[in-house]
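Heads up, the thing below is written out as structure tokens.
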There are 2 protein chains.
Amino acid sequence: MGKCEQCIIKQFNSLKALTKDELVRISGCKTSKKIKKGEIIFEEGEVLNGVYCVRDGICKLSKLSENGKDQIVKMVVKGQLLGQRSLISEESSNLQATALNDMEVCFIPKSEIFADLQKNSKFSLEVLKDMAHDLRDSDDIIVNMAQKSVRQRLAETLIYIHDSFGTNPDGTLSVLLSREDYANIVGTATESAIRVLSQFKKEGTISTVGKYIKIENLAALKRIE
Amino acid sequence: MGKCEQCIIKQFNSLKALTKDELVRISGCKTSKKIKKGEIIFEEGEVLNGVYCVRDGICKLSKLSENGKDQIVKMVVKGQLLGQRSLISEESSNLQATALNDMEVCFIPKSEIFADLQKNSKFSLEVLKDMAHDLRDSDDIIVNMAQKSVRQRLAETLIYIHDSFGTNPDGTLSVLLSREDYANIVGTATESAIRVLSQFKKEGTISTVGKYIKIENLAALKRIE
DNA sequence: AATAAAACATGACATATATCATATTAAAAT
DNA sequence: ATTTTAATATGATATATGTCATGTTTTATT
């Protein structure tokens, strides 16, 4: 099992604020885990006894709505922590986490995190900043949901995925999502998401390589009103 | 000028985790301020040099969308802290705060807050919990925006205001909002908000006393699909 | 390889909501 | 008190999006 002190992943999240000693201690009680694409990491309502540090892969955080749709609220990738919100508020999770591809995560028990939050104020501040950032993102999403069209939201989603999660060597978006996933991010019917993507394709702003999407005209996508 | 150590308001927010000494120090450098209904407390893009502790009144936090509408993202009432997100992330504010009625606030400088975050881990944890809670609320709003009808969202908004901000002696909602405000919370056109409220009135689920709204049938409002 | 099951795609139509126009009423300003 | 302005209200119509039906393609299973 790898050692946290030597793990580069921590550089990308608030664990970087921990001291060497604290990391060694965490290393001793963490458990590594492989998760297959499609597997559920935790469910809505589940009590989390720790956080996951994502070493590889990507997952979606979603919440089931009364109308039966599973709204995707956020995506968590390699380098980020998963489940910190629920852990801190000491409530059961309000979201479900599902792997979008094969993942590798490390589970760090709650007791460790809380011990460090108590002793290491630099760590607390990093977690705070992280959460402040998430909150800002959420505010933006609320405004977009409320004020923009499905076409605009879908265009912005494609740009977001492109900018945040990167592309494969051939230029296709590295994250592979089903049309249903796109619909659940944007908050629309699957058919509508399909239609808009087909439209983008017809207009030449995107193309598809197998199941992968490639942005052909980023400027046009950004211009969509 | 009142003393923070003796102020009851702090019981309702994370300042309650501060020690007597810390409160005395804050008391020495805070400034009290009265804000008139309709006044802007801070604007989108403005850099905040502290947080506001709301002693009385209520304000809305909104963000201007590209389509010209001013989406209301959150409301902050008596007892709560205002501006903590921006302060912590050390970015300019992403939201504008506008007083919905006459307010009384205390401004606590950034340096004080950061000093206490550094020294008092109990305080940090309280702020963290606060923010975790806000984040959960935001997730819920995203799902509602994406999946529910204007009618449902407006019904839920009325219930939320009723439950969170209370009623006047005659049973009317204590928070007075314009139809435009309701539209901006729900994310719809003002005319649509007006229409739905008229509908509710016709159906007898709400009534109006002057400009105030009274919920007549809470159960019916909760049942709206 | 054949079959079953998902995922994707598209048309036809229904419905919710936005937009524009125009009253009406209430609040503010003179 | 009168005028002006803003807020509320409602109708007519346009448009975006949802829903249902059905077909095609891709992926999984036997």
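Computed from heavy atoms alone, side chains included, the values below leave out hydrogens, waters and symmetry copies. Below, chains carry the letters A, B, ... as their sequence lines are ordered, and counting in each starts from 1. Since this is a predicted model, take the numbers as computed values, not measurements.
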> Quick one: B/Asn184 CG to C/dT17 C1', roughly how many Å, whole number?
Replying inline: 16 Å
> Whole-Å distance between C/dT17 P and B/Lys69 NZ?
Replying inline: 13 Å
So, [X] and [Y], do they make that salt bridge, N to O below 4.0 Å?
| X | Y | result |
| --- | --- | --- |
| B/Lys63 | B/Asp70 | no |
| B/Glu126 | B/Lys10 | no |
| B/Lys34 | B/Asp102 | no |
| A/Glu104 | A/Lys33 | no |
| B/Lys148 | B/Glu156 | yes |

>> Is it true that A/Ser207 and A/Glu216 share a donor-acceptor pair across their side chains at a distance under 3.5 Å?
In response: yes
Distances for protein N or O near nucleotides 6-10 of chain C N or O, under 3.5 Å:
from   : atom 1 : to       : atom 2 : distance (Å)
C/dA7  : O3'    : A/Lys211 : NZ     : 3.3
C/dC8  : OP1    : A/Lys211 : NZ     : 3.2
C/dC8  : OP2    : A/Arg179 : N      : 3.0
C/dA9  : OP2    : A/Arg179 : NH1    : 2.6
C/dT10 : OP2    : A/Ser198 : OG     : 3.0

> So where does chain B start and stop touching DNA chain D, 5' to 3', when the test is distance under 4.0 Å to a non-hydrogen atom?
Replying inline: D/dA7 to D/dA12
>> Strictly distance-based, threshold 3.5 Å: is any side-chain N or O of B/Gln80 a donor or acceptor partner for the main-chain N or O of B/Val77?
In response: yes
>> Going by side chain to side chain donor-acceptor pair (under 3.5 Å), name the pairs with one or both residues in residues 180-189 of chain B, residues two or more places apart or in two chains.
In response: B/Lys60-B/Asp181, B/Ser178-B/Asp181
